[in-house]
Amino acid sequence: MPIRSRRNVSSSKTSGARRSSAKLWGIAAGGAAVVTAAGVVVSMTTGTPPATAPSASTPAHSAPQASGEGVRELHGVPVGYPHTRSGAKAAAANYTTVSGSSQFLTDKDARHRAVAVMAAKGSADAAVKKADHAAEDAVGSLRGDTSKVSVKKTVARTGVLSAHVLGFDAHGAMVRLWTTTVRGSTAGHATPKTGFQSVTVTLTWESDDWKLKDSSASTGLVAPIDVRQASNVPGDFSDYVPAAAEDPVLSGAEDRSGFPAPYGHNERGARAAAVSATMLYGDPRFFTDEDWRHRMLSATAASSVLHSVTSDTDSTARLVMENRGVGADGTTADGGELITRTAALATRSISYSDQAASMELWTASVGGVAGKDETQRPQVAFLRMTVDLVWEDGTWKTTAVTPSEPLVPSPPAMQEAAPADSFADVGGASNAPATA
């Protein structure tokens, strides 16, 4: 499938419901097969918790809640999470995304209001000081090569690629995130830069919600940008400045099958469904676990395309497994592990009605094999994806996920790619981020 331009995608919205599941995939030959599953690019040629962590032995539970309905926003901060592991993952991800946003980094009053919403009792003062210091350090990255920061032209987006629960009980949680960030400006001549962080978030269950007790960040695993992608020019990022796009909001709400709960019948619900679809298509289980893949498709795909999308994705999953030499357990003969993740960096509403919607997502996807073979080291690719949806059976279901033009930042400055085997730490189903 050829990569279609965003202009072509936008001009063909009326045919969205008729697109087959073939639009989900792109396969290129010539010694390198590239599989695109809602943004996850898998190149066939490359390839201990702190002592203060809460106990992981005592689970907490809550009834399923509608995605996009239970989580609401207060001073720009998503609040109202389920009292579950997925709820804790979602809170950790959202608080990290908010803390890396343009408004948080450039507007002191907005930053302090956001901290007041996120922070647990007794930790607000320390959190404000830490946030002000972090903003002071980070704001320069939003200037690009111009003399001062133009807030309206800043690009500050965060995508969560992995979420590992270090500790969890009814009273608190500790979650380690692997994130990719893009920061810069659409002004000047310097392309916004990507970066990778490891963020450890400590949460406490307080006033029927997850509250931020502490967080710390360090340089995370660095994945090289896919060799087939070249950096865009600054102006290409104009669709993702603060006024043009929104950060994804993860809810952590699940039904009893473990897939996202029904979405709200509104634009926010449609946006959440689009985010979850891209994340689920990028999950390694999509390739390695046929039963999981079929259940996921039944939960997310519209009935009009379910049969064709199931057939097409079964074929493509087999191709990936064969070309990678990956077995049913997700590992290669020499012990390597298939690593695939997709994160949404930002979302834009293309069209919306109460029966159909179309959302554009800017995504970052990591694909490769964690193991001894450095030529298969996981790489990151940046794509724009258009997700078409219909309202069906009391929720939003996808009819097509179509890749458009890549939107690629500059690589991290003066940072070497992490060894291939180190990416095993972010693989596996238990490290999957919460969905929207």
Side-chain angles (χ1 to χ4, degrees), residues 1-4 9 12 15-47 226 228 257 259 274 276-333 336-342 361 363 365-369 376 378-379 381 383 385-390 392 397-404 406 427 429 432:
M1 179 191 68
I3 299 298
R4 298 172 55 189
V9 170
S12 60
S15 64
R18 298 190 295 274
R19 294 191 188 119
S20 75
S21 60
K23 297 299 184 185
L24 294 169
W25 304 97
I27 301 175
V34 180
V35 179
T36 302
V40 71
V41 176
V42 182
S43 168
M44 297 306 159
T45 57
T46 59
D226 190 286
R228 289 167 295 273
S257 70
F259 293 108
S276 289
T278 62
M279 296 175 69
L280 291 169
Y281 282 117
D283 191 289
R285 288 169 291 183
F286 189 88
F287 300 100
T288 62
D289 188 335
E290 182 179 87
D291 177 67
W292 185 93
R293 182 172 63 253
H294 288 182
R295 289 187 291 110
M296 185 279 288
L297 291 172
S298 295
T300 61
S303 58
S304 61
V305 301
L306 180 58
H307 176 75
S308 58
V309 79
T310 301
S311 176
D312 289 352
T313 54
D314 283 351
S315 297
T316 306
R318 284 194 295 270
L319 177 64
V320 172
M321 301 283 278
E322 291 171 2
N323 286 349
R324 282 290 191 180
V326 175
D329 61 353
T331 64
T332 61
E337 179 182 358
L338 181 68
I339 304 295
T340 66
R341 298 284 187 210
T342 294
L361 277 62
T363 65
S365 302
V366 169
V369 172
Q376 297 205 67
Q379 298 181 359
L383 288 175
M385 311 297 299
T386 298
V387 183
D388 295 317
L389 311 106
V390 294
E392 181 180 285
K397 297 289 188 79
T398 59
T399 57
V401 182
T402 309
S404 60

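Nothing fancy with the numbering, it's 1 onward along the sequence.
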Using every non-hydrogen atom in the two residues, find where W292 and L280 come nearest and quote the distance to one decimal. CH2-O, 3.7 Å

Parallel under 30°, tilted from 30 to 60°, perpendicular over 60°: which one fits the rings of Y281 and F286? perpendicular

Check for a donor-acceptor pair, side chain of T332 on one end and backbone N or O of G325 on the other, with a separation under 3.5 Å. no

Out of the candidates T313, D314, D289, only one should pair with H294 under the side-chain hydrogen bond (donor to acceptor under 3.5 Å, both in side chains) rule; please name it. D314

Tell me the closest heavy-atom pair linking V305 and T399, and the distance in Å. CG1-O, 3.7 Å

Heavy-atom closest pair (A381 atom, D226 atom, distance to 0.1 Å) is CB-CB, 4.2 Å

Evaluate the side-chain proximity of R318 to S315: yes if any heavy-atom separation is below 4.5 Å, no if none is. yes

Nearest non-hydrogen partners of L306 and A301, listed with the distance: CD1-CB, 4.2 Å

Atom CD in Q379, atom CZ in R228: separation rounded to 0.5 Å? 6.5 Å

Point-to-point distance, once rounded to the nearest 0.5 Å, from CZ of R341 to OG of S365: 11.5 Å

Atom CG in D329, atom CD in E337: separation rounded to 0.5 Å? 9.0 Å

When rounded to the nearest 0.5 Å, the distance separating CE of M296 from CZ of F259 is 7.0 Å

Any donor and acceptor pair, going by atom type alone, linking the side chain of S311 with main-chain N or O of H307 inside 3.5 Å? no

Looking only at heavy atoms, the pair that brings L389 and A274 closest together is CD2-N, 4.0 Å

What residues form a side chain to side chain donor-acceptor pair (under 3.5 Å) with T288, not counting sequence neighbours? none

Looking only at heavy atoms, which two atoms of A432 and D283 are closest? And how far apart? CB-OD2, 3.8 Å

Once rounded to the nearest 0.5 Å, what's the spacing between atom NZ of K397 and atom OG1 of T300? 7.5 Å

Could I get the full list of side chain to side chain donor-acceptor pair (under 3.5 Å) partners for S303, not counting sequence neighbours? E392

Between T340 (side chain only) and G367 (backbone N and O only), is there a donor and an acceptor less than 3.5 Å apart? no

Rounded to the nearest 0.5 Å, the CZ atom of R285 sits from the CG atom of D291 at a distance of 11.5 Å

Beyond-backbone contact of V387 with T278, side-chain heavy atoms, under 4.5 angstrom: yes

